[in-house]
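Report on the structure given below.
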There are 2 protein chains.
Amino acid sequence: MRHNWKSVRDEVAARILRSDYAPGDRLPRDEELAAELGCARSTVVRAMQDLADSGIVERRRKGGTRVPANPVTRATFDIPVTRSEIEARGQSYGYHLLEQTPAPSPLHVTTAFGLSAPQDMLHLRALHLADQKPYIFEDRWIALNTVPEIRDVDLTTLSANEWLVKNRPYSRCTVRFYATNAGSDYGPIFATDPTTPLFVVERTTWVNDAPITSVKAIAHPGYQMLTEVG
Amino acid sequence: MRHNWKSVRDEVAARILRSDYAPGDRLPRDEELAAELGCARSTVVRAMQDLADSGIVERRRKGGTRVPANPVTRATFDIPVTRSEIEARGQSYGYHLLEQTPAPSPLHVTTAFGLSAPQDMLHLRALHLADQKPYIFEDRWIALNTVPEIRDVDLTTLSANEWLVKNRPYSRCTVRFYATNAGSDYGPIFATDPTTPLFVVERTTWVNDAPITSVKAIAHPGYQMLTEVG
DNA sequence: TAGTGGTCTAGACCACCGG
DNA sequence: CGGTGGTCTAGACCACTAT
């Protein structure tokens with residue numbers, strides 16, 4: 001008897017691993033599984049919803065529950081505030097504000113926000129240090145119309161990263177990962193050759209369609225984003 | 001009256017956006033919220049679990065529900081089979097197997113799997129094409145002890161990627177993203193300068209601690225991994 | 001140890017969508 | 001239109017953990 005949803009989930013997952021249910025197959029109805037495993041339908045539902053969240057099965061009304069014909073690897077990454085990330089590694093955190101300039105948004109930022117025209121923004125360039133060494137360099141634009149208070153915040157001590165996270169929750173966000181060269185922009189910051197490949201995380205956030213901030217976080221050479229699935 | 005869990009979730013999310021509940025704050029107990037919003041406790045539970053899954057709140061027995069003091073951006077990426085990815089872009093898919101050699105696992109693969117000694121594996125190098133152009137190059141190692149059937153599969157037509165996904169489900173997987181240079185290994189394949197930065201996705205999979213495959217997928221220049229949150 | 005979330009149940013009705 | 005998953009309810013009991 002399977003009386004809790006995790007054991008039901010694990011049983012179904014095991015059947016998929018054993019190919020009892022193969023990609024493309026339809027699984028028994030929740031009610032049948034409940035009867036077979038000796039639990040309530042809602043327990044099966046809970047288990048199946050968890051599997052569906054992981055992308056291991058697909059559920060459709062009337063269509064039933066299936067193992068996807070083309071399974072995907074669903075990977076989840078938590079992107080913390082940079083200070084937390086560094087401290088979680090047991091390293092000391094340091095922060096340098098390199099530039100703080102009001103300016104109209106440049107084209108790439110305007111389009112990232114989906115705006116039809118440039119807006120007044122605050123442009124920041126800052127460096128996050130781990131054990132005194134450059135860890136992440138951030139190039140950030142903050143929409144002054146949406147976040148006017150930022151003008152009065154002392155960003156030399158507290159990073160915009162932290163202030164925003166605690167004071168300006170977002171309702172929507174896009175995240176991009178890609179590779180770039182250090183070039184003449186970042187090479188000097190990380191003291192590396194301009195040809196060094198660097199990992200970039202770009203995030204753009206909104207509150208109800210009003211732009212908040214768009215940030216390019218360029219990580220130090222060798223940085224990896226790692227996660228485990230399953 | 002909020003009578004379904006999504007409206008409860010949205011109401012709580014809205015309160016967090018308005019900073020009615022700020023980072024570090026404790027939210028009312030589920031029972032109180034249920035009473036306030038006029039629904040059953042289980043409806044509130046469903047809503048809160050969804051928010052907890054998104055990292056928007058943290059829940060602990062006896063500790064209650066809180067807005068995390070250090071909120072994170074939780075991003076989810078679906079990594080499909082390469083063919084599906086290309087076809088989903090509306091491009092034609094092509095595949096070339098460049099190399100297929102049995103060999104003992106090299107050090108970096110042995111350690112990726114957490115093995116104490118090298119194992120017999122099948123080494124593959126293959127190129128995925130989108131509209132005839134190089135899209136992703138994969139360098140893959142498959143554990144022959146765990147997947148002996150792979151010896152009898154014709155991998156010149158069907159990519160190992162697809163065969164494995166449909167025939168060898170995994171129970172555990174690690175995913176890494178990082179940047180690398182094209183160098184002399186990948187430069188010729190993508191017809192680019194050796195200094196070109198490339199985005200790499202590295203995945204290693206197991207079934208119940210038995211190694212299945214470890215693959216480095218090197219994407220074409222300019223490749224981005226993109227996702228939306230919220 | 002007491003307070004809070006976590007889960008299970010049985011039953012009902014709803015909503016989507018495949019045939 | 002009928003079959004399947006989706007959700008809600010009320011109540012009970014369990015399990016963790018903050019205090």
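These numbers were taken from a predicted model, which means no experiment stands behind them. Side chains are part of it too, since the values below use all heavy atoms of this structure and drop only hydrogens, waters and symmetry mates.
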If we ignore angles and hydrogens, is there a donor and acceptor under 3.5 Å between the side chains of B:Thr213 and B:Thr205?
-> no

With no angle test and no hydrogens, is the base of D:dG6 tied to the side chain of A:Arg41 by a donor-acceptor pair under 3.5 Å?
-> yes

Note: B:Glu85-B:Arg89 ion pair, threshold 4.0 Å (strictly below) = no

Closest of C:dT7, D:dT19, C:dC17 to the B:Lys62 side chain is D:dT19

Hey, does A:Gln49 reach any base, or is it just sugar-phosphate, or nothing, if we go heavy atoms under 4.0 Å?
-> sugar-phosphate

Between A:Ser42 and A:Gly64, the residue closer to the 5' end of DNA chain D by nearest nucleotide is A:Gly64

Just call it for B:Arg26: base, sugar-phosphate, or nothing, with non-hydrogen atoms closer than 4.0 Å on any strand.
-> sugar-phosphate

Under 4.0 Å: is that the gap between some side-chain N or O of A:Arg60 and OP1 or OP2 of D:dT4?
-> no

Atom CD of B:Glu31 and atom P of D:dG11: how far apart are they, to the nearest Å?
-> 11 Å

Write down the distance between CZ (B:Arg29) and C1' (C:dG6), rounded to a whole number of angstrom.
-> 15 Å

Parallel, tilted or perpendicular: which describes the rings of A:His220 and A:Tyr223, with under 30° parallel and over 60° perpendicular?
-> perpendicular

A:Phe199 vs B:Phe199 aromatic rings, parallel, tilted or perpendicular, using cut-offs 30° and 60°?
-> parallel

Could you tell me whether B:Arg59 and B:Asp30 make a salt bridge, using a distance below 4.0 angstrom between a side-chain N and a carboxylate O?
-> yes

Distance, rounded to the nearest Å, where B:Trp5 contributes CH2 and D:dG6 contributes P | 11 Å

May I have the distance from B:Asp50 (atom CG) to D:dC8 (atom P), rounded to whole angstrom?
-> 12 Å

Measure the distance from CG on B:Asn4 to P on C:dC13 and round it to the nearest whole Å.
-> 18 Å

Counting only side-chain N and O atoms of A:Thr65, is one of them less than 4.0 Å from OP1 or OP2 of D:dG5?
-> yes

Taking atom C1' of D:dG3 as reference, at what distance in whole Å does atom CD of A:Glu32 sit?
-> 12 Å

Whole Å only: how far is the CE atom of B:Met48 from the P atom of C:dT7?
-> 15 Å

Measure from the side-chain heavy atoms of B:Arg46 and tell me the nearest of C:dC16, D:dA10, D:dT7.
-> D:dT7

N or O in side chain of A:Thr43 less than 4.0 angstrom from C:dT9 OP1/OP2 = yes

Rounded to the Å, how far apart are A:Arg61 CZ and C:dC16 C1'?
-> 5 Å

